[in-house]
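In what follows, a structure is listed as structure tokens, so that the remarks can point back to it.
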Amino acid sequence: MVIGGGEVATRKVMMLLKADAAVELISPELGHELADMLAAGKISYTQALFSPEQLDGAMLVIAATDDEATNLAVSIAAKARNIPVNVVDAPELCTFTSPSIVDRSPILIAISSGGASPVLARMIRAKIEALIPATYGRLSALAADFRYRVKQRFSTSQSRRIFWENIFQSNIAELVLSGQEPAARTALSELIDSDQAETSHGEVYLVGGGPGDPDLLTFRALRLMQQSDVCVYDKLVSKEVMELVRRDAELIYVGKARDQHTLPQDEINELLVRLAKEGKRVLRLKGGDPFIFGRGGEEIETLMENGVPFQVVPGITAANGVSSYAGIPLTHRDYAQSCIFTTGHLKDGTVELDWPALVRPKQTVVIYMGLVGLAEICRQLIAHGLPPTMPAAVIQQGTTQKQRVVTANLATLADKVADAEMKPPCLTIVGEVVQLREKLAWFEPKG
Ligand code: SAH
């Protein structure tokens, strides 16, 4: 039931007719478009002012008059009768709001700000409109037609899901999207009958999850994260990044804290092989970049040996992301022409590093896993020739809302970091470039 006969009412009526509703209109007068609809028998009409009993028997009410008192009366009367009511442009009088819609029937996407900002909702809608080809509806209709056959062909929901995911990314989908539907139907039909359809698609995606901020993921990382069946992940992967893994993927934690290995590396390698051989798409998700202090090389070596297909997706490594968010450029024409990444991990309590290589002039040194050995590292750098006044910084949980930065020099850094009670993960940066932070710090974590 629509109360009102003007332009807004017309739009609402058209929307309701599109959804196959039986529309009854109440208004003292009718705009000419509505009059046409009435003449064509598309709506029924009562020429009257609003009164509450008109709502009896209605399933849904929309008030679209320009009279506030009438709109309020409609809202009150509808609520009293437990009929869902929408009053145009008055969210406080509504029991439901109608979202912006992207229509790819049978796929329908609704965007709502709950009345808070229709403009923002419409802008989001425009983005989604641009993102999703108009022909996606046809793709979905095709899937609907073949659903039963696919269900008969594949007994488990997992095998069906994999089948459809492959189809939607295949040349068959391209055929539909380019308007060659008969060819697509033939190809799909043949594929269902062929034995190729059943080959196992076990694969490992070795994905770099970046240093923490989920915006730093690559497009490929995100796509693979959303199509994996199981996710094997580390301690370092941030909560926000984990949120983007497919909701119903199985999660297996193999995180390592220093000196307390949850799963030894060779068991992780074997786990990946086993899961892939079960036909699963395995997301091996790591912090930062898998090939930088990430043991990614060892993991794919085992995959290779076992003939398991894999792909590697680079991520933003801590040195990269964390230095950016701390406002410390790793190179700079005045201060550093080279940059070296090293690990400060202690083996048997001693740090064995190539000290002469680390104290070269005009070089920035980035130390991963260097928190425990920090005092010793600073001592050694000074002993091998760096001045005690050399600027240095430690950054905890860089790129995240919990980022903390301590700047000092080699002589004072370890004490300052201890006083600040910094906890892993922490990255250490040593070099003249650290002083640039004073001018260039830009990222303000909420804490
Ligand atoms: N593959 C990862 C590094 C793994 S080693 C990468 O490419 O970044 C783990 C070390 O990375 C930590 O001890 C710490 O030194 C560093 N690290 C990773 N993420 C970090 C972050 N958000 N902030 C500070 N340091 C980080």
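As the structure lists them, so they are numbered: ligands from 1, and atoms in each ligand from 1.
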Without hydrogens or angle criteria, can the side chains of Thr428 and Tyr368 be said to hold a donor-acceptor pair below 3.5 Å? no
Checking side-chain polar atoms at under 3.5 Å, does Asp213 have a donor or acceptor matched by the opposite partner on Thr399? no
Do any pairs count as a side-chain hydrogen bond (donor to acceptor under 3.5 Å, both in side chains) and have a residue in residues 402-413, sequence neighbours left out, and if so which ones? Gln396-Arg404, Asn409-Thr412
Using the test side-chain contact (heavy atoms from CB on, under 4.5 Å), find all partners of Leu108 that sit at least two apart in sequence or belong to another chain. Ile101, Asp103, Ser105
Residue set satisfying side-chain contact (heavy atoms from CB on, under 4.5 Å) with Gln380, at least two apart, ordered chain then number -> Trp355, Glu376, His384
Hey, can you tell me if Tyr335 and His332 have their rings parallel, tilted or perpendicular (30° and 60° cut-offs)? tilted
Run through all N or O atoms in ligand 1 and write down each protein N or O closer than 3.5 Å, as a pair with its distance.
| unit_1 | atom_1 | unit_2 | atom_2 | d |
| --- | --- | --- | --- | --- |
| ligand 1 | 1 (N) | Gly287 | O | 3.1 |
| ligand 1 | 1 (N) | Asp289 | O | 2.9 |
| ligand 1 | 1 (N) | Ile292 | O | 2.7 |
| ligand 1 | 7 (O) | Asp289 | N | 2.8 |
| ligand 1 | 7 (O) | Asp289 | O | 3.4 |
| ligand 1 | 7 (O) | Ile292 | O | 3.4 |
| ligand 1 | 7 (O) | Thr317 | OG1 | 2.6 |
| ligand 1 | 8 (O) | Thr317 | OG1 | 3.3 |
| ligand 1 | 8 (O) | Ala318 | N | 2.9 |
| ligand 1 | 13 (O) | Met369 | N | 3.3 |
| ligand 1 | 15 (O) | Met369 | N | 2.9 |
| ligand 1 | 15 (O) | Cys426 | O | 2.7 |
| ligand 1 | 22 (N) | Pro211 | O | 2.8 |
| ligand 1 | 22 (N) | Gly398 | N | 3.4 |
| ligand 1 | 22 (N) | Gly398 | O | 3.0 |
| ligand 1 | 23 (N) | Gly398 | N | 2.8 |

